[in-house]
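Structure first, then comments.
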Number of protein chains: 2
Amino acid sequence: MTHDFLESLKNELGPDVFFGDDIPARYHNDWSGMTPVRPLALVRARTTEHVSKTLRLCHQHKVPVTPQGGLTGLAGGARPIEGGVALSLDRMNAIEEIDTVMATMTVQAGVPLGVAQRTAEDAGLFLGLDLGARDSCLIGGNLSTNAGGNRVIRFGMAREHVLGMEVVLPDGTIITSLNKMLKNNAGYDLKQLFIGSEGTLGVITRAVLRLQAKPADLATAFCGCPDFPSMLELLKSARQHLGAALTSFEVMWPSFYDFMTGRLPSLRRAFSEQHGIYVLIENGGRNAEDNRMLLETVLGEALEKGWVSDAILPASNREARDLWAVRESVSEYGKLMGPTTAFDVGVPTSAAGRLVEAVEAAVSERWPDAIGLSYGHIGDSNLHFVCNIPSAGTNQPYKAITELVFDLVAKEGGTISAEHGIGLVKKPYLKLSRTPEELALMGKIKHALDPHNVLNTGKVLPGSEY
Amino acid sequence: MTHDFLESLKNELGPDVFFGDDIPARYHNDWSGMTPVRPLALVRARTTEHVSKTLRLCHQHKVPVTPQGGLTGLAGGARPIEGGVALSLDRMNAIEEIDTVMATMTVQAGVPLGVAQRTAEDAGLFLGLDLGARDSCLIGGNLSTNAGGNRVIRFGMAREHVLGMEVVLPDGTIITSLNKMLKNNAGYDLKQLFIGSEGTLGVITRAVLRLQAKPADLATAFCGCPDFPSMLELLKSARQHLGAALTSFEVMWPSFYDFMTGRLPSLRRAFSEQHGIYVLIENGGRNAEDNRMLLETVLGEALEKGWVSDAILPASNREARDLWAVRESVSEYGKLMGPTTAFDVGVPTSAAGRLVEAVEAAVSERWPDAIGLSYGHIGDSNLHFVCNIPSAGTNQPYKAITELVFDLVAKEGGTISAEHGIGLVKKPYLKLSRTPEELALMGKIKHALDPHNVLNTGKVLPGSEY
């Protein structure tokens with residue numbers, strides 16, 4: 001049967017299918033750091049019909065197929081299966097249309113996010129989705145994982161940037177719903193099913209993205225707050241005064257701020273004194289002058305009320321970049337810390353202070369030499385924690401740290417993944433964030449669409465092992 | 001079997017189930033104007049467990065059950081079935097929590113929208129969802145129909161106001177996902193399946209709503225534009241300059257504007273001259289003074305470029321209300337026109353001018369005495385058209401008008417329902433807006449969740465007759 005299958009694949013996909021050593025190593029894994037796997041075959045689709053043919057054959061022959069985008073995922077969702085097919089969308093990279101009246105952009109799944117961003121800006125518009133991997137990740141992967149990133153508080157997750165989609169179902173059926181309208185209540189909104197399901201229900205081939213007006217110059221402020229509750233008052237006040245213009249509200253605990261400014265010579269501390277917690281605020285309304293003025297009002301009140309102990313409103317873009325440099329130094333922690341266990345958990349914002357205290361204390365108690373750094377997109381209730389145990393060297397206790405942190409997150413009613421997704425890496429822990437009834441419903445939907453369990457087999461859903 | 005079923009219902013629901021003449025007439029229909037139907041029984045649930053018991057019994061006995069909210073729907077989605085059960089959520093009307101740190105509100109499905117709005121405002125926050133029926137419609141109905149309304153261009157449809165939900169599946173299983181976090185990528189986002197599926201997949205019992213900062217005073221402008229293309233240039237410019245602060249962009253064609261100002265003595269024309277098309281713009285940024293200034297900038301440029309022929313920036317709130325009064329006179333057209341056929345279609349914005357011309361011409365050609373009024377939330381690509389044929393008296397050719405309009409909408413790639421939904425009224429035409437593959441996928445999902453087809457039987461999906 002495998003022989004029949006491979007022959008059919010060759011016949012139908014011709015020069016777009018690769019086998020064995022002809023499969024470049026980059027398709028053996030994503031950025032999860034798991035062990036690479038060489039699949040049976042790699043299809044690099046050029047058209048939606050190629051995707052449909054591949055899925056139809058895999059469905060008929062019950063061969064697992066792993067969709068792949070830019071392979072920048074951190075959860076192993078695009079890691080292929082030995083004996084299965086990897087289906088890459090990276091050649092479907094055309095921008096098909098920009099509609100400046102509707103403020104939409106129609107793209108194929110293989111367009112890199114950065115290319116889509118620049119094309120929108122060239123047309124006088126703006127794509128609100130942004131993340132660090134912008135020049136490597138592809139739109140199809142962003143949508144199938146419901147990517148988050150840097151501008152969620154202002155523009156929302158990937159889901160909120162999609163108006164229409166084309167998807168290929170596990171049996172090869174092509175569902176074309178390239179809607180461009182903001183309002184459309186004619187039947188079920190099918191695209192919602194595929195966004196964020198990490199390629200387990202269908203393969204996204206094209207999308208209509210919603211574009212925004214280009215933002216004006218942002219105003220930035222950096223604050224030291226006495227403690228977590230006073231920072232929450234600042235958050236409420238910023239939300240009240242700045243409304244939708246609040247573009248960032250990034251929080252750094254001393255564990256993160258002191259470590260980074262102490263270890264990286266390029267960074268300088270903004271204040272001579274120590275503070276309980278540090279906040280970067282960005283205001284992105286339609287008028288640059290007004291952005292700064294409103295931020296001054298917020299900070300004035302906060303200083304008076306004691307929610308903020310000290311604050312800086314940078315006088316130049318350069319000074320603003322210096323303040324952001326500390327927050328953006330996260331890309332350096334691997335170099336400074338060695339191997340880490342990293343988290344992208346979420347908890348209701350009011351519980352975030354308690355959670356960080358509990359996590360830092362529990363990790364230190366169990367591994368006294370632990371280095372743990374806490375920071376987060378607190379406005380989105382998303383916390384990051386990265387941890388290295390120096391005495392463990394290259395043999396970090398990943399599993400023990402993960403279980404310790406996830407248990408504390410579950411106790412606060414939080415989510416084990418706010419943005420990176422479940423993939424393979426977090427699958428064993430999904431039950432900590434979702435009830436048995438929710439998991440059963442996910443399984444029911446998966447079975448209805450993919451009865452042979454061939455599409456991204458083994459990912460996300462417990463019990464979908466291969 | 002019916003006897004057994006009724007006995008079980010009585011035993012399990014006790015005083016919360018009503019039969020025959022004890023069922024008040026208001027539960028026999030919604031606002032669709034269809035013929036009322038008295039169901040076999042009415043359950044007025046007080047708890048999620050009541051909903052679960054009702055659905056479990058209906059599922060076991062294969063008795064159709066129609067969920068009901070405020071019964072303000074225009075598409076017949078909540079009209080009960082003879083021999084079936086009507087399940088009203090109107091007694092589940094508690095506001096369970098307001099979280100001012102997360103800016104969320106947890107409500108039961110039977111809370112009237114207006115009550116939720118006022119409660120949010122009392123807490124210093126703001127619920128972005130608003131529609132004319134605010135004091136009659138219930139949150140559960142708003143979410144299950146993905147309601148649109150007056151603020152979509154700024155805050156989005158109902159879907160975008162939901163962070164978490166509790167839903168009862170057709171077999172009685174309770175799915176509690178009362179997430180409060182903006183970011184949560186732990187598995188499928190199940191709530192998306194139930195929002196906008198008009199009660200055919202599950203019954204929404206509770207929801208976590210996302211609240212906003214209270215908006216500042218709005219600035220309003222009223223413009224006369226020479227024609228549709230120049231109005232589109234004004235739209236692009238307003239979007240560019242006002243960004244997310246653009247709160248309304250409402251368009252009235254002369255057919256609507258001249259009819260209303262000519263027939264209603266309380267309304268006065270804003271301009272002495274006639275214009276090709278009329279636009280109301282609202283700017284709702286964080287600063288009242290700035291709102292007006294930015295709007296002046298947009299209008300100044302538009303007058304110079306000839307996109308706008310004449311414009312008014314009202315000097316007082318009272319003057320602004322007078323300008324809005326014409327747009328809001330839609331609630332009066334029934335009195336002025338008699339029986340009408342009304343549409344809430346959507347088309348890509350650039351095709352809207354062509355569609356209105358084609359619809360008005362085709363209707364006039366077929367019924368020379370027709371009165372047809374065109375207006376719309378053009379910023380959301382949503383058009384309304386209402387039509388009366390005076391010579392037809394009480395015997396309006398609803399079906400012929402509907403088919404004529406929907407055919408023209410389908411030719412432009414539009415949607416037969418931008419906001420009101422499909423229900424029973426538009427079910428025969430759903431195939432004009434959705435492909436056979438899309439309809440088959442909707443059917444597959446329906447069958448997976450509701451194999452006996454008992455939940456809101458006969459609604460939305462073609463072929464789901466009872």
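The analysis underlying the following values was restricted to heavy atoms, covering all of them including side chains, and did not include hydrogens, waters or symmetry mates. Residue numbering restarts at 1 for every chain, and letters A, B, ... go by the order of the sequence lines.
Contact record, B:R434 with A:S177: NH2-OG, 4.4 Å, taken as the closest heavy-atom pair. The shortest non-hydrogen separation linking A:T349 to B:M102 is N-SD, 2.8 Å. Here the shortest heavy-atom pairing between B:I445 and A:L449 reads CG1-CD1, 4.4 Å. Contact record, B:A448 with A:A448: CB-CB, 3.5 Å, taken as the closest heavy-atom pair. Nearest heavy atom pair, residue A:T415 against residue B:A186, reads OG1-CB, 3.3 Å. Between B:I153 and A:R210, the shortest heavy-atom distance links the atoms O-NH2, 4.3 Å.
Counting heavy atoms of neighbouring residues, nucleotides and ligands inside a 6.0 Å radius, atom CD of B:E121 exceeds 12 of them.
For A:D290, the part sitting under 4.5 Å from any heavy atom of chain B is the side chain, from C-beta outward, and nothing else. For a residue to count as touching a neighbouring chain, one of its non-hydrogen atoms must lie under 4.5 Å from one of that chain's; by this rule B:S350 touches chain A with backbone and side chain alike. With a threshold of 4.5 angstrom between heavy atoms, B:M181 approaches chain A through its backbone and through its side chain. With a 4.5 angstrom heavy-atom cutoff, B:T104 does not touch chain A via any of its atoms. When heavy atoms are compared at a cutoff of 4.5 Å, B:A103 approaches chain A by way of both its backbone and its side chain. With a 4.5 Å cut-off on non-hydrogen atoms, B:T100 touches chain A through its backbone and its side chain both. The contact between B:I174 and chain A is made entirely by backbone atoms, counting heavy-atom distances below 4.5 Å. Interface remark: B:I422 contributes backbone and side-chain atoms alike to the contact with chain A (heavy atom separation under 4.5 Å). If you measure heavy-atom distances from B:H447 to chain A, you find no contacts under 4.5 Å at all. Contacts between B:K236 and chain A at a heavy-atom distance below 4.5 Å involve the side chain alone, from C-beta outward. With a 4.5 angstrom heavy-atom cutoff, B:D171 touches chain A only via side-chain atoms. Heavy atoms of B:S433 lying under 4.5 Å from chain A belong exclusively to its side chain. For a residue to count as touching a neighbouring chain, one of its non-hydrogen atoms must lie under 4.5 Å from one of that chain's; by this rule A:M157 touches chain B with the side chain only. Residue B:L169 touches chain A through its side chain alone, counting heavy-atom pairs closer than 4.5 Å. Both the backbone and the side chain of B:R239 come within contact range of chain A, with heavy atoms under 4.5 Å apart. Contact of B:E160 with chain A is made through the side chain alone, with heavy-atom distances under 4.5 Å.
Residues B:E198 and A:Y188 are not in side-chain contact: their nearest non-hydrogen atoms beyond the backbone lie 4.5 Å or more apart.
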Which is it for B:K183 and A:S381 under the side-chain contact (heavy atoms from CB on, under 4.5 Å) test, yes or no, and what are the steps along the way?
CA-CA 7 Å; B:K183 287 165 105 166; A:S381 54; 5.6 Å; no
A:T435/B:I175 under side-chain contact (heavy atoms from CB on, under 4.5 Å): CA gap, chis, key distance, verdict:
CA-CA 8 Å; A:T435 64; B:I175 304 281; 5.6 Å; no
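Note on residues 150-185 of chain A: pairs passing ring pair (Phe, Tyr, Trp, His ring centres under 6.0 Å), not counting sequence neighbours, are A:F126-A:F155.
Applying the side-chain hydrogen bond (donor to acceptor under 3.5 Å, both in side chains) criterion to B:E166, with sequence neighbours excluded, gives B:T48, B:T176, B:T205, B:R206.
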